[in-house]
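Every chain is numbered from 1, with letters handed out A, B, ... down the list of sequences.
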Amino acid sequence: MIKKMNSMDRVLTALSHKEPDQVPLFLLTTMHGAKELNLSIKEYYSNSKNVVEGQLRLRKKYKSDCLVPFFYAAVEIEAWGGEVIYTEDGPPNSGLPIIRNLDDIISFTVPDVENSKALQKVYEATFLLKKSSNDEVPVIGVAMSPFSLPIMQMGFDKYLDLFLNYPDHFKQLMKINKEFCIRYANAQLKAGATAIAYFDPFSSSTIITPKQYETSGMPIAKDVISNINGPVATHFASGSALPISDLIVQTGTVGIGVSCNEDLSSLKHAFQNKITVLGNLNGIEMRHWDSKNAEKNVKDAIKQAAKGGGFILSDNHGEIPFQVPEDVLISVSEAVQKWGRYPLTWIDKDE
Amino acid sequence: MDQITIDFMDALLKSDRVKAKVLLKGIHEDNDIERLSNIFVLALEEIGKRWETGTVALTQLYMSGRICEELLDLFKNIEGVPKKEQPNIAFTVLHDFHTLGKTVVSLMLSFAGYTFLDLGTSSSIESLVQILKEKDVKILLISVLMLNSALKVKDVVQAINDENLSVKVVVGGAPFRFDKDLWKDVGANYTADNAFSCVKVLDKLIQEMSDD
């Protein structure tokens with residue numbers, strides 16, 4: 001039996017493709033902090049102290065192995081001067097596009113990332129969570145990839161048009177977005193983040209072809225990741241990764257967040273001993289799981305991917321929907337405690 | 001599929017507008033709009049299926065639809081794809097600005113001969129239901145990206161029932177693909193996994209409505 005580890009050691013061991021004491025769990029209950037503190041989502045995200053308190057309480061409740069000072073993806077759009085739309089039961093969303101036509105790109109400049117009023121709350125939350133962590137829990141910052149950010153900056157269909165038909169404007173936008181991403185990621189690391197989650201759904205094979213990834217998403221990721229001053233894990237927000245697994249490993253990422261629509265054992269095989277797989281519980285279905293479903297899904301994931309380390313159990317989108325009830329999350333956590341102890345001898349008995 | 005359709009589909013998947021146009025030259029010269037729309041529909045149907053199984057990317061699906069739309073515009077003196085016999089159909093995105101799904105589905109519906117009232121993004125359920133009443137809409141297509149938007153379909157269905165309107169609701173979008181029972185949970189009549197299956201659903205629904 002392996003000696004009990006703290007979350008930091010557990011995660012670092014898994015990332016080294018070795019077996020820690022237990023399968024690490026990244027239960028990304030971002031918005032659930034609002035429920036925990038009995039606040040609306042808008043109130044919850046209005047300041048860093050709410051997010052810090054919420055995340056600390058949630059970690060204690062669900063025994064997750066990370067702390068996440070992530071607010072919402074659209075906070076980056078706020079930094080660019082865009083609007084955010086709040087709802088009472090979902091992640092805050094970007095409002096009207098900040099790039100309405102091609103000419104806007106020509107005059108587009110990078111905002112003052114380090115001093116951005118919109119991003120200060122993220123830096124503060126990161127600093128406070130790091131302080132609370134005692135270096136025993138990884139603090140995971142989040143940055144949208146320059147390649148995926150335009151979905152919010154322009155709207156999905158206009159960005160597809162830009163990407164496919166206007167290479168010069170696309171190149172210019174990537175130049176600006178790369179600088180933003182690198183500076184934002186590094187500012188979070190400076191504030192105390194242990195690692196950065198690089199959210200890049202546009203790179204997934206669900207959205208673009210492997211050839212398009214090879215000539216765009218991949219070199220952009222490689223360039224950005226090499227300029228971020230800390231470890232980076234990529235997340236495709238439920239997009240496919242298998243067709244481009246050999247390219248993803250070349251970006252320098254240490255991990256990949258994977259989809260529930262792909263076979264987890266195939267993903268583990270593709271990335272084994274190269275990068276760590278994070279996933280792949282279906283957060284949308286999770287809303288109507290009972291404890292039996294939760295246990296079964298956790299067991300299945302562990303069986304498919306946890307042997308040999310290089311695996312962190314998480315959901316497939318990178319954020320648990322607000323509608324998933326507390327008792328389901330507790331069941332997930334308990335199932336990991338029950339079935340996730342290495343060396344996972346039950347798997348051999350099952351087979 | 002005949003060879004022209006196979007080659008046309010291949011050209012679409014490679015975003016090869018020039019080849020796509022050359023392949024249809026003969027049919028264009030014959031002014032055979034029915035054959036043209038069949039080729040579009042068959043090719044896009046197959047591309048849609050392949051996207052569902054993960055062998056085609058969204059960029060390919062999107063560009064295929066766009067190229068077909070451009071080709072349709074290029075063919076002069078053609079009134080358009082033969083229009084289907086249909087009740088009034090409306091199409092909306094619920095509560096967010098992510099309209100890509102609606103764009104792709106709209107292209108497919110047009111190629112299939114359906115016309116519909118484009119309601120853009122609906123933020124107010126009351127306003128939406130009011131329009132359905134005024135325009136005597138019988139089928140409402142709802143596209144969503146976020147789970148919380150998908151769950152609001154329940155409120156739309158409730159509001160339709162409260163007004164005693166006879167409107168069938170067809171839903172689509174990412175949340176419905178990740179949870180296969182979600183469409184039932186929210187009280188929709190049908191769900192469509194992709195743009196082409198939306199056409200099939202409409203064909204079936206309209207047939208049922210005319211049988212009633």
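With a threshold of 4.5 angstrom between heavy atoms, A/Glu285 approaches chain B through its backbone and through its side chain. Interface residue B/Phe178: backbone and side-chain heavy atoms are both found under 4.5 Å from chain A. Residue A/Gln212 touches chain B through its side chain alone, counting heavy-atom pairs closer than 4.5 Å. Heavy-atom distances place the side chain of B/Leu151, and not its backbone, under 4.5 Å from chain A. Contacts between B/Asp181 and chain A at a heavy-atom distance below 4.5 Å are absent for every atom of the residue. Both the backbone and the side chain of A/Ile284 come within contact range of chain B, with heavy atoms under 4.5 Å apart.
Here the OG-CG distance, from A/Ser204 to B/Leu58, works out to 9.0 Å after rounding to the nearest 0.5 Å. For the atom pair OG1 (B/Thr59) and CZ (A/Phe163), the distance works out to 6.5 Å, reported to the nearest 0.5 Å. Rounding to the nearest 0.5 Å places CE of B/Met146 at 7.5 Å from OG1 of A/Thr87. The line from OG1 of A/Thr206 to CH2 of B/Trp51 is 7.5 Å long, rounded to the nearest 0.5 Å. The CG atom of B/Leu61 lies 10.5 Å from the CD1 atom of A/Ile207; values are rounded to the nearest 0.5 Å. The OG atom of B/Ser149 sits 8.0 Å away from the CG atom of A/Asp89 when rounded to the nearest 0.5 Å.
Chain A forms the most heavy-atom pairs under 4.5 Å with one residue out of B/Asn148, B/Thr55, B/Val56, and that residue is B/Asn148. Among A/Ser238, A/Ser259, A/Cys260, A/Pro243, the residue with the largest count of heavy-atom pairs under 4.5 Å with chain B is A/Ser238. When the candidates A/Ile151, A/Asn165, A/Ile208 are compared by the number of heavy-atom contacts under 4.5 Å with chain B, A/Ile208 comes out ahead.
Listed here is the closest heavy atom pair of A/Asp157 and B/Tyr62: O-OH, 3.6 Å.
Annotation: B/Lys152, atom NZ; neighbour count of heavy atoms from other residues, nucleotides and ligands within 6.0 Å is above 12. More than 12 non-hydrogen atoms from other residues, nucleotides or ligands lie less than 6.0 angstrom from CG of A/Asn101. Other residues, nucleotides and ligands contribute more than 12 heavy atoms inside 6.0 Å of the NZ atom of A/Lys268.
There is no side-chain donor-acceptor pair under 3.5 Å between B/Gln60 and A/Thr209.
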Item to check | Derivation and outcome, side-chain contact (heavy atoms from CB on, under 4.5 Å), residues B/Asp179 and A/Arg287 | outcome: CA-CA 10 Å; B/Asp179 183 347; A/Arg287 345 166 264 110; 2.9 Å; yes

Next on the checklist: If you apply the rule side-chain contact (heavy atoms from CB on, under 4.5 Å), what do you find for B/Asp185 with A/His288, and how did you get there?
Outcome noted: CA-CA 11 Å; B/Asp185 293 346; A/His288 50 72; 4.1 Å; yes

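Using a 4.5 Å heavy-atom threshold, the side chains of B/Thr103 and A/Phe156 count as separate.
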